[in-house]
There are 2 protein chains.
Amino acid sequence: MQQRATLLDVATEAGVSRSTASRVLTGTLRNVDPQLAERVLEASQRLGYRANPVARALRRQSTGNVGILVPSIRNSYFVHLVDAFTRVANRSHFGVVLADSGDDPELESRRIDAFGESLVDALAVVPTSVTASGPSIRRALERTRVVQVDRWTAGVDCGFVGVDNEAGIRLMVEHLRSNGRRRIAYIGADQDTSAGVERLAAFRAHAHPGDREILLPHFSTSAGHHAAQRLLADGPLPDAALCTADVLAVGLLSTLQKEGVKVPDDIAVTGFDGTDLLELMNPPITALRHPLDAIAERALELMLGPSVPAHPEKVRLPPELVARSTS
Amino acid sequence: MQQRATLLDVATEAGVSRSTASRVLTGTLRNVDPQLAERVLEASQRLGYRANPVARALRRQSTGNVGILVPSIRNSYFVHLVDAFTRVANRSHFGVVLADSGDDPELESRRIDAFGESLVDALAVVPTSVTASGPSIRRALERTRVVQVDRWTAGVDCGFVGVDNEAGIRLMVEHLRSNGRRRIAYIGADQDTSAGVERLAAFRAHAHPGDREILLPHFSTSAGHHAAQRLLADGPLPDAALCTADVLAVGLLSTLQKEGVKVPDDIAVTGFDGTDLLELMNPPITALRHPLDAIAERALELMLGPSVPAHPEKVRLPPELVARSTS
DNA sequence: CTGAAAGCGCTTACAG
DNA sequence: CTGAAAGCGCTTACAG
C-alpha cells in the first residue's frame with residue numbers, strides 16, 4: 001500500500017501543467033496537442049495514476065453515485081429490485097450505494113441522513129411506513145434529489161415509481177375465481193405501508209361474501225408461517241390464500257404442508273412479487289411478475305432527469321400474472 | 001432542494017471564525033469558550049447545517065466508509081454475510097458500501113477498481129476465483145487496505161477470515177455416517193474458489209469407497225437442480241447428498257421431491273451455510289451454522305486495525321452442526 | 001493550444 | 001481560547 005500518485009505527479013512526470021494533464025485525463029481532448037496528450041497518458045500509465053474521486057467530487061459537486069435504501073435485504077423482493085436498479089445504474093456509469101433500514105422508521109431516518117450527508121447525487125428509497133417515513137424523506141428532499149420506489153409516503157412531494165397494486169390484486173383475484181376458487185383468504189401485511197394499503201383496498205373492491213382477510217405485521221416468511229397457523233386454527237380452510245408477498249406465500253405454503261394440507265388440492269396459494277423463491281418450492285408458486293427493469297429505469301430517470309417538476313410524477317407499472325402449480 | 005448551508009455560513013451566523021465553528025461542530029470541545037460553542041450550536045441548528053462529507057473526507061484523507069464486494073447478492077449466504085458485516089461496521093460508526101461482482105472475475109476486477117478509486121477506507125472482498133481474482137486484489141492492495149472474506153486467492157499477501165471448511169465437512173460426514181448413511185454423494189461447486197477446493201479436499205480425506213462426487217460450475221439453486229438430475233440419471237440413488245452450499249441443497253431437494261424421491265427416507269440432504277432458506281423447505285434442511293458475526297468482527301479488525309503485518313493473518317472460524325429433518 | 005490561479009468545503013497545525 | 005492561513009486533490013473559467 002504505497003502513496004498514490006497525484007495529478008501533479010503525472011503533470012510533472014510529463015512536463016506539463018496540471019491543467020493540461022487534467023484535460024487529457026478527463027478526456028476533454030479538444031484543444032490539446034496530441035504530442036503532449038501522448039506524454040501525459042504515458043506518464044499516467046507509468047505511475048498507475050487514478051484520479052482521486054473525493055477531490056473530483058468536491059470540485060465537480062457530484063459523485064457519480066446514486067443511493068438506494070430498502071427496508072430489508074433479507075426480503076428477496078428487494079434483492080431483485082436492488083439487482084435491477086444496480087444493473088440499470090451501472091449501464092449509465094453510475095455507482096450504487098445500498099443501505100438497509102431494517103424495516104424500522106427510526107433506523108431508516110438515520111440511514112437517510114447518512115445518505116443526505118453522504119456521497120450520492122440522488123437517492124431512491126423504499127419507505128418503511130406511509131406515515132412515519134414522511135419527515136425523513138422530506139428532510140432528504142431538502143438536500144438531494146429523491147425518488148420513492150415501490151412504496152410512497154403521505155404528504156411528501158416526491159416522485160414515485162412502483163408496481164400497479166390495484167391491477168396486480170385484480171389479476172390475481174380474477175385468476176383464482178376463474179379457477180373455481182370461491183372462498184379467498186387475503187393474506188396482507190405491513191398495513192402501515194402504501195403497498196399494504198393499496199393491496200387491501202384493491203382486494204376489498206373485488207371481494208365476495210365468502211372471502212376473508214388476515215393481516216400481519218410484516219412481509220416476512222415467519223409472518224407467512226403465522227398466517228398458516230391462523231388459517232388452520234380458524235375452522236374450515238378457505239380454498240385460496242392470496243398472499244401479498246412472495247415471502248408470505250413461501251412461509252405459508254411451507255407451514256401448511258408441514259401440517260399435511262395439500263396444495264393446490266385443498267387450497268390454492270399465490271405469491272405476489274416474482275422472486276426466484278417461487279420456483280424452488282414444491283409445488284412452484286403462482287405469482288405476479290413485476291417489471292423491475294422498467295421500474296428501475298423510470299426511477300433513475302426521475303432521480304437524474306433534468307428538472308424537478310413542481311408536481312413530481314407518480315408512475316405505476318402493470319405486473320403480469322405467472323401461473324404455476326399452486327393455483 | 002435548496003442550497004446547503006456551509007461551515008462559513010454557520011461561522012458567520014454565529015459571529016466566529018470557521019476554525020472555531022469547526023472545533024465546536026467536530027466535538028473538539030476542549031479549548032472553546034462555552035459561550036461561543038453555544039452560539040455555534042444554535043446557528044448550526046438554525047441553518048440545518050451538516051458537514052459536507054466529501055470535503056471532510058478530502059481533508060481528513062478518510063471517508064468513514066468500508067466496502068464489501070460479494071460474488072452475488074442472489075446467493076442468500078452472502079446476504080447473511082453482508083447483513084452481519086453491516087451490523088458490525090455500523091456499531092463502530094462505519095458506513096458500508098456494497099457491490100456485487102456477478103460471479104465474474106472480469107466484472108469483479110472493474111468493481112474492485114471502482115472501490116479502489118472510490119470512497120472507502122478499506123475493502124472486504126469475497127473473491128470469485130482462487131486464481132483469476134489475484135491480479136485485481138493485488139492491485140487493490142496497492143491503494144487501500146483489503147481483507148479477503150470466506151474465500152482467499154492464491155499468492156496474494158492479504159489477510160483472510162472465513163469458516164473452517166475442513167471442520168465443516170468433517171462434522172457433516174461424521175453426522176451422516178453416525179446416522180447410518182453409507183453412500184454419500186458429495187455435491188460440490190465452484191472448484192475455482194478456495195471454498196470449493198478446501199471442501200472437496202476435506203471430503204476426500206474422509207471419503208469411503210461407496211461415496212461419490214458431483215461437481216458443478218456454480219453455487220446456485222439451478223446447479224442444485226442439475227445435481228439432482230445427475231443423481232436420478234446415474235442409477236441407484238446414494239443414501240446421502242452432502243451439498244456444499246444451502247442454495248445447492250435447496251435446489252437439489254426441490255428437484256428430488258418433484259421426482260417423487262422421499263427425503264430423508266430415500267436419501268438424506270444437507271446444506272452448508274445456515275441461511276434461513278433451510279427452515280422454509282419441507283422438510284427443513286440439516287446444515288451448519290457459520291459464525292458470521294465473528295467473521296465480520298475479525299474481518300473488520302483486520303481491515304481497520306492499526307498496522308499491516310508483514311504476513312497477514314489467516315483466520316478460520318469453526319462452524320456448528322444444526323441437525324434438522326433431512327438427515 | 002497552454003498555464004497560473006481560483007475555488008469546491010472542510011480541518012488542523014501554527015501563531016498569537 | 002481564537003483566527004488567519006495552508007492545504008487535501010482535483011477541475012475549469014480566464015488570460016495569454
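Since the structure is predicted, the reported quantities are computational estimates derived from the model, not experimental observations.
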Checking B/Arg145 side chain against B/Met303 main chain: does a donor-acceptor pair fall under 3.5 Å? yes
Which distance, rounded to the nearest 0.5 Å, do you find between the CG of A/Leu69 and the CG of A/Leu98? 8.5 Å
Can you check whether A/Asp121's main-chain N or O pairs, donor with acceptor, with A/Thr144's side chain at less than 3.5 Å? yes
Considering only NZ, NE, NH1 and NH2 on the basic side and carboxylate oxygens on the acidic side, decide whether A/Asp100 and A/Arg74 come within less than 4.0 Å. no
B/Glu106 bridged to B/Arg110 by N-O distance under 4.0 Å: yes
Does the pair B/Arg50/A/Glu142 count as a salt bridge with the N-to-O cut at 4.0 Å? no
Where does DNA chain C form stems of at least three consecutive Watson-Crick or G-U wobble pairs, each pair having both distances below 3.5 Å? C:1-3 with D:14-16, C:5-12 with D:5-12, C:14-16 with D:1-3
Spell out protein contact along nucleotides 6-13 of chain C as letters: B when the base is contacted, S when just the sugar-phosphate is, - when no protein heavy atom is under 4.0 Å; keep the 5' to 3' order. BBBBBBBB
Can you list, pair by pair, the side-chain donor-acceptor contacts under 3.5 Å of residues 122-129 of chain B, counting residues two or more places apart and other chains?
| unit_1 | atom_1 | unit_2 | atom_2 | d |
| --- | --- | --- | --- | --- |
| B/Thr128 | OG1 | B/Glu108 | OE1 | 2.9 |
| B/Thr128 | OG1 | B/Ser133 | OG | 3.3 |
| B/Ser129 | OG | B/Thr131 | N | 3.1 |
| B/Ser129 | OG | B/Thr131 | OG1 | 3.2 |
| B/Ser129 | OG | B/Ala132 | N | 2.8 |
| B/Ser129 | OG | B/Asp192 | OD1 | 3.4 |
| B/Ser129 | OG | B/Asp192 | OD2 | 2.6 |

